[in-house]
Protein chains: 2
Amino acid sequence: MENIEIFKALSNKSRLQMLEWLKEPEINFPDQLQHAGFEHGVCVGQIQAKAGLTQSTVSEYLSILQRAGFIEAKRVGQWTYYKRNEGAFEALSKLIQSNL
Amino acid sequence: MENIEIFKALSNKSRLQMLEWLKEPEINFPDQLQHAGFEHGVCVGQIQAKAGLTQSTVSEYLSILQRAGFIEAKRVGQWTYYKRNEGAFEALSKLIQSNL
DNA sequence: TTGGTATATCGGGAAAAGTCGATATATTTG
DNA sequence: CAAATATATCGACTTTTCCCGATATACCAA
């Protein structure tokens, strides 16, 4: 089982918070609207500002969440936009019911 | 959110394996039958033998799983029997659907 | 009570994760 | 091309986790 990376990704308060924020981007990242809208997600800088962590830490955390499948990245120009992949949450919920 | 302890508990291969083993005690711990049956669960020694870890490590891991709610302990004489608490898995599955 | 068995707890060394600042890379703009 | 901006990666340090051996505790049996 390599689900371990999934659970590790969820074993951190800041990362859990980012996932929660990304459920409602319009509410949690209002500045993103001026920026580029929400079609592709929210860019790293917005998340960093809200998380109160350094840029490098936020970048790495987003990458951990992405590798675990919870978010998707889309590069547009100099920005990387992240948004939730709801399917991953569904899949995890089912996996816990049937495989754990 | 103090769900973090839950996810940390699941972030270890040996602990995940123990949970899996305890889904089918009769199959995974056949010696337990000679011992005391399966009503109360499986005792630490059986799990240790199968896990290939030291007694202290197994004892601690079981305690971590218990604190996270995934298993229950019952002391009978000099043995402690552990068994799954299926409700915790159900609850986690639902939590992921609605709160994550 | 003495010894034997099962489990829990304690202390520690090694590995992994958390987090930072500095630097590298990519992209846009002048 | 050079400068500016956004993000990613690197190196280091601290904290946490992993896992062990040794010791303590609980219970049982003679």
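These numbers were taken from a predicted model, which means no experiment stands behind them. The analysis underlying the following values was restricted to heavy atoms, covering all of them including side chains, and did not include hydrogens, waters or symmetry mates. The sequence lines fix the lettering, A, B, ..., with proteins before strands; numbering per chain opens at 1.
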For a quick test of reading the model: is some side-chain N or O of A/Y82 closer than 4.0 Å to OP1 or OP2 of D/dA6?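 Checking A/Y82 against D/dA6: no side-chain N or O falls below 4.0 Å of OP1 or OP2.
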
Hey, is the side chain of B/N12 poking within less than 4.0 Å of OP1 or OP2 on C/dA16, counting only N and O atoms?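 It does not, given that no N or O in the side chain of B/N12 lies less than 4.0 Å from OP1 or OP2 of C/dA16.
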
Using distance only, find each side-chain donor-acceptor pair of residues 45-59 of chain B under 3.5 Å and give its atom names and separation, not counting sequence neighbours.
unit_1, atom_1, unit_2, atom_2, d
B/Q48, NE2, B/L53, O, 3.4
B/T54, OG1, B/S56, OG, 3.3
B/T54, OG1, B/T57, N, 3.4
B/T54, OG1, B/T57, OG1, 3.0

How long is the line joining [atom1] of [X] and [atom2] of [N], in whole Å?
X     : N      : atom1 : atom2 : answer
A/R67 : C/dA17 : CZ    : C1'   : 12 Å
A/L53 : D/dT7  : CG    : C1'   : 16 Å
A/E5  : C/dA16 : CD    : P     : 11 Å
B/K13 : D/dC19 : NZ    : C1'   : 16 Å
A/L16 : C/dA17 : CG    : P     : 16 Å
B/I4  : C/dA17 : CD1   : C1'   : 13 Å
A/I71 : D/dT7  : CD1   : C1'   : 13 Å
A/K8  : D/dT17 : NZ    : P     : 12 Å

Residue A/V44, side-chain heavy atoms: nucleotide from C/dT7, D/dT7, C/dG18 that is nearest: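 Of the candidates, D/dT7 comes closest.
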
If the sugar-phosphate is the primed atoms plus P, OP1 and OP2 and the base is the rest, what is the B/S/- string for nucleotides 21-28 of chain D, using protein heavy atoms under 4.0 Å? BB----BS

Identify, with sequence neighbours excluded, every residue that meets side chain to side chain donor-acceptor pair (under 3.5 Å) alongside [X].
X     : answer
A/Q97 : B/S93
A/R67 : A/S63
A/E24 : none
B/W21 : none

DNA chain C-proximal residues of residues 59-66 of chain A, any heavy atom under 4.0 Å: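 A/E60, A/Y61 - these, ordered by number, are the residues of the stretch whose heavy atoms sit under 4.0 Å from the strand.
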
Results of salt bridge (charged side-chain N to carboxylate O under 4.0 Å, His left out) for B/E90 - residues two or more places apart only: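 In terms of salt bridge (charged side-chain N to carboxylate O under 4.0 Å, His left out), with neighbours along the sequence ignored, B/E90 is linked to B/K94.
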
Please tell me if the side chains of A/I71 and A/L22 come closer than 4.5 Å, counting only heavy atoms from C-beta onward. yes

Applying ring pair (Phe, Tyr, Trp, His ring centres under 6.0 Å) to A/F89 and not counting sequence neighbours gives A/F70

Both B/A73 and A/R15 contact DNA chain C. Which one's nearest nucleotide lies toward the 5' end?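 Mapping each residue to its closest nucleotide by heavy atoms, the 5'-most match is B/A73.
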
If we ignore hydrogens and angles and just use 3.5 Å, is the side chain of B/R15 paired with the main-chain N or O of B/Y61 as donor and acceptor?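 Not confirmed, B/R15 side chain does not pair with B/Y61 backbone.
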
